[in-house]
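Please read the structure below before turning to the comments.
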Amino acid sequence: MRIKISMKKILAILTALLLIGGITVQASDMIIESKNQSYNEADSKIKFNGDVKVTIDDLKVVGDSADVNVTEEQKLDTATFYDKPYAFEIKKNKKREVKANILKVSLITKIVRAEGDTQSVVFEGKTPIVVINSNVQEYNTNTGVMTATGAVTMLYKDIETFSNSAEITTDKKTGDLKKLVLIGDAKVKQEKNESYGDKFVYNAETGNLEAFGNTTTNATMDDGAKLVLKSSYQEYNQKRSVFNASGNVRIWYQDYYAAGPKVTLYPDPTTKKPNEAYFTGRSSITQGVRTIFADRIKMVMKPKSFDAQGNTRTIIKNVGSGSDENMTLGL
C-alpha cells in the first residue's frame, strides 16, 4: 500500500485485472478438432487426442489431449484439457491467455478452472500488462468472481503482489474491476517500497485500499529517507489522497518515533507525497532522550517539526550527565 508513492500504479494494475474474467462460457456451440476422437459409453466420455483445438465463442483452447463428460441426458458437462493446454481470447487490441497443467471448462456451471503451475496474462498489443501465477485459478462466469490459490503472485510493470490466495470480482457485462482481495501473508511491492498485511481489500467504487492485521508500510521518500508505519489497520482513499491507520500505530521517520491509537496522513500539496501525520488520542513522540505525551500530535516530515497539544507531558531521560549526585536546590 505504498501510501501515495505507488498507489496510483497499484490502482492501474487493479483496473487492468480483467484476466480470466474476459473468458466467458455461455450457451453456444463448441467446435472440437483433433486427429482422433472416441466415445466410451461406460466412461460417459468423449476423448480427443492429437492437436486438439476447441473453440467456444471467442475462447480457443489448444492441447494434446482432452475429454468431455456426457450426462445421462446426453448433454455435455465438463471439458477437461490435459498436458499443459493453452487457452486464449482476443478482442480488439487485448489478448488474454491462460496456461496450466490441466484446464477444465464446465458447460453447465459456467466455471473455468486451471490447475497446476497456472499463469494468466493480459496483453495490450504484444506487451504483457498483467501476469498472475498461482497453483489454481478459477473463474465463475455466473458471479463474475475469479479466485487464485496457492503461492499467488501478480506482476504489473514494477508492481508485485504476493499472497496465499486472491479473489477478483469483475462486472460480468463490462469486465471492469469491482473488488480485489489478497488473503494470507499478503505483500505489495513497488521498487523500494513495500506493504505487508494479513489481508488487502480494494473497492473500485469507493476507491479505498485497506490492509488488515499486522500491517506494515515501508516507504522511501524522494531524498532517500525511510518512513515505516506499523498498525493493526491501514486505509488509503484514492479520491481524497488521505491515508489512515489505527490500532497500536507506530511511525519511525529519521530520529522521530511516534505512537498512538490513530493517525491520519495528508500529502504535500505540491509533491502529493505524505508529509503531515496527525495523531489523535493519547499519543507520544520521541526524539533522542525526550518523549512528549499529548492528546493530539502533529508531525511534519518537511520541514521537519512537530506540535503537541492537550495535557502535554515531557520526559527527558538520563538528566545529570552521569553524575551520582541527585539534583537539588542546595538546601
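Everything quoted here is computed from the prediction, not taken from an experiment.
No chain of hydrophobic side-chain contacts below 4.5 Å, direct or via other Ile, Leu, Val, Met, Phe, Trp or Tyr residues, connects Ile183 to Tyr196. Criterion: ILVMFWY side-chain heavy atoms under 4.5 Å apart, direct or through other members. Under it, Ile102 and Val112 are not part of a common hydrophobic cluster. In the hydrophobic cluster analysis, where Ile, Leu, Val, Met, Phe, Trp and Tyr join through side-chain heavy atoms closer than 4.5 angstrom, Val145 is grouped apart from Val130. Cluster membership for Tyr278 and Val249, using ILVMFWY side-chain heavy atoms within less than 4.5 angstrom, is not shared. Hydrophobic cluster membership differs between Phe212 and Tyr202, with clusters built from Ile, Leu, Val, Met, Phe, Trp and Tyr side chains linked at under 4.5 angstrom.
The shortest heavy-atom contact between Gln254 and Ala225 is NE2-CB, 3.7 Å. The minimum heavy-atom distance linking Ala186 with Phe200 is given by the pair CB-CD1, 3.3 Å. For the residue pair Thr149 and Ser134, the shortest heavy atom distance occurs at O-CB, 3.6 Å. Here the closest non-hydrogen pair linking Ser163 and Ser165 is OG-O, 2.9 Å. Pro261 and Ser283 make their closest contact through CD-OG, 3.7 Å (heavy atoms, listed as atom of the first residue, atom of the second, distance). Scanning all heavy atoms of the two residues, the minimum distance from Ala114 to Val98 falls at CB-CG1, 3.9 Å.
Side-chain contact between Asn275 and Val300 is present, with at least one heavy-atom pair separated by less than 4.5 Å. You'll find the side chain of Ser231 reaches within 4.5 Å of the side chain of Leu229, heavy atoms only. Side chains of Glu138 and Ile111 form a contact here, defined as non-hydrogen atoms less than 4.5 Å apart. Here the side chains of Ile32 and Val68 are in contact, with some heavy-atom distance below 4.5 Å. In this structure, Ser232 and Ser246 have side chains that are not in contact, with every pair of non-hydrogen atoms separated by 4.5 Å or more. Residues Leu209 and Val188 are not in side-chain contact: their nearest non-hydrogen atoms beyond the backbone lie 4.5 Å or more apart. Looking at heavy atoms from C-beta onward, Met299 lies out of side-chain contact with Val263 at the 4.5 angstrom threshold. Annotation: side chain of Ile285 is not in contact with side chain of Gln287 (no heavy-atom distance under 4.5 Å).
In this pair, Phe243 and Tyr236 present their aromatic rings tilted. The plane angle is within the 30 to 60° band. Taking the six-membered ring where tryptophan is involved, the planes of Tyr257 and Trp252 are tilted, since the angle between them lies from 30° to 60°.
Atom CD of Gln309 has more than 12 heavy atoms from other residues, nucleotides or ligands within 6.0 Å. Counting non-hydrogen atoms of neighbouring residues, nucleotides and ligands closer than 6.0 angstrom, the NZ atom of Lys187 exceeds 12 such neighbours. More than 12 non-hydrogen atoms from other residues, nucleotides or ligands lie less than 6.0 angstrom from CG of Asp83. Residue-environment remark: NZ (Lys99) stays at or below the threshold of 12 foreign heavy atoms within 6.0 Å. At most 12 non-hydrogen atoms from other residues, nucleotides or ligands lie less than 6.0 angstrom from CG of Asp117.
Once rounded to the nearest 0.5 Å, the distance linking CG of Leu182 with CD1 of Ile168 reads 8.0 Å. Note that CE of Met154 is 4.0 Å distant from CD1 of Ile132, once rounded to the nearest 0.5 Å. Separation of atoms CZ (Arg296) and CG (Asn311) is listed at 8.5 Å; rounding is to 0.5 Å. Atoms CG and CD1, from Leu227 and Ile251 in turn, are 6.0 Å apart once rounded to the nearest 0.5 Å. Atom NZ of Lys226 is separated from atom CG of Asn193 by 7.5 Å, given to the nearest 0.5 angstrom. Rounded to the nearest 0.5 angstrom, Asn164 CG and Asp185 CG are separated by 5.0 Å.
Applying the side chain to side chain contact (heavy atoms under 4.5 Å, CB included) test between Ser106 and each of Asn69, Asn140, Asp77 identifies Asp77 as the sole match. Screening Thr215, Thr217, Asn218 for a side chain to side chain donor-acceptor pair (under 3.5 Å) with Ser195, the sole residue that qualifies is Thr217. With respect to Ser120, the side chain to side chain donor-acceptor pair (under 3.5 Å) criterion is satisfied by exactly one of Glu97, Gln137, Arg96: Gln137.
For Tyr86, the ring-ring contact (aromatic ring centres under 6.0 Å, His included) partners at least two apart in sequence or on another chain are Phe88. With sequence neighbours excluded, no residue satisfies ring-ring contact (aromatic ring centres under 6.0 Å, His included) with Phe162. Scanning for side chain to side chain contact (heavy atoms under 4.5 Å, CB included) contacts around Asn208 gives Thr206, Glu235, Asn237, with sequence neighbours left out. Residues forming a ring-ring contact (aromatic ring centres under 6.0 Å, His included) with Tyr82 (at least two apart in sequence, or on another chain): none. Residues meeting the ring-ring contact (aromatic ring centres under 6.0 Å, His included) test with Tyr253, sequence neighbours left out: none.
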Inset, instruction - Show the numbers, then the answer: is there a side-chain contact (heavy atoms from CB on, under 4.5 Å) between Phe48 and Val54? - result: CA-CA 10 Å; Phe48 307 86; Val54 178; over 6 Å; no

Inset, instruction - Show your reasoning for whether side-chain contact (heavy atoms from CB on, under 4.5 Å) applies to Val70 and Tyr39. - result: CA-CA 10 Å; Val70 181; Tyr39 173 68; 4.1 Å; yes

Inset, instruction - Could you please spell out the steps behind the side-chain hydrogen bond (donor to acceptor under 3.5 Å, both in side chains) verdict for Asn101 and Lys84? - result: CA-CA 4 Å; Asn101 293 338; Lys84 300 184 182 297; 2.8 Å; yes

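Side-chain contact annotation: Thr264 with Asn244, donor-acceptor N/O pair under 3.5 Å present. In this model, no donor atom of one side chain and acceptor atom of the other lie less than 3.5 Å apart for Thr80 and Lys104.
A salt bridge (charged side-chain N to carboxylate O under 4.0 Å, His left out) check over residues 302-312, counting only residues at least two apart or in different chains, returns the pairs Asp223-Lys302, Asp255-Lys304.
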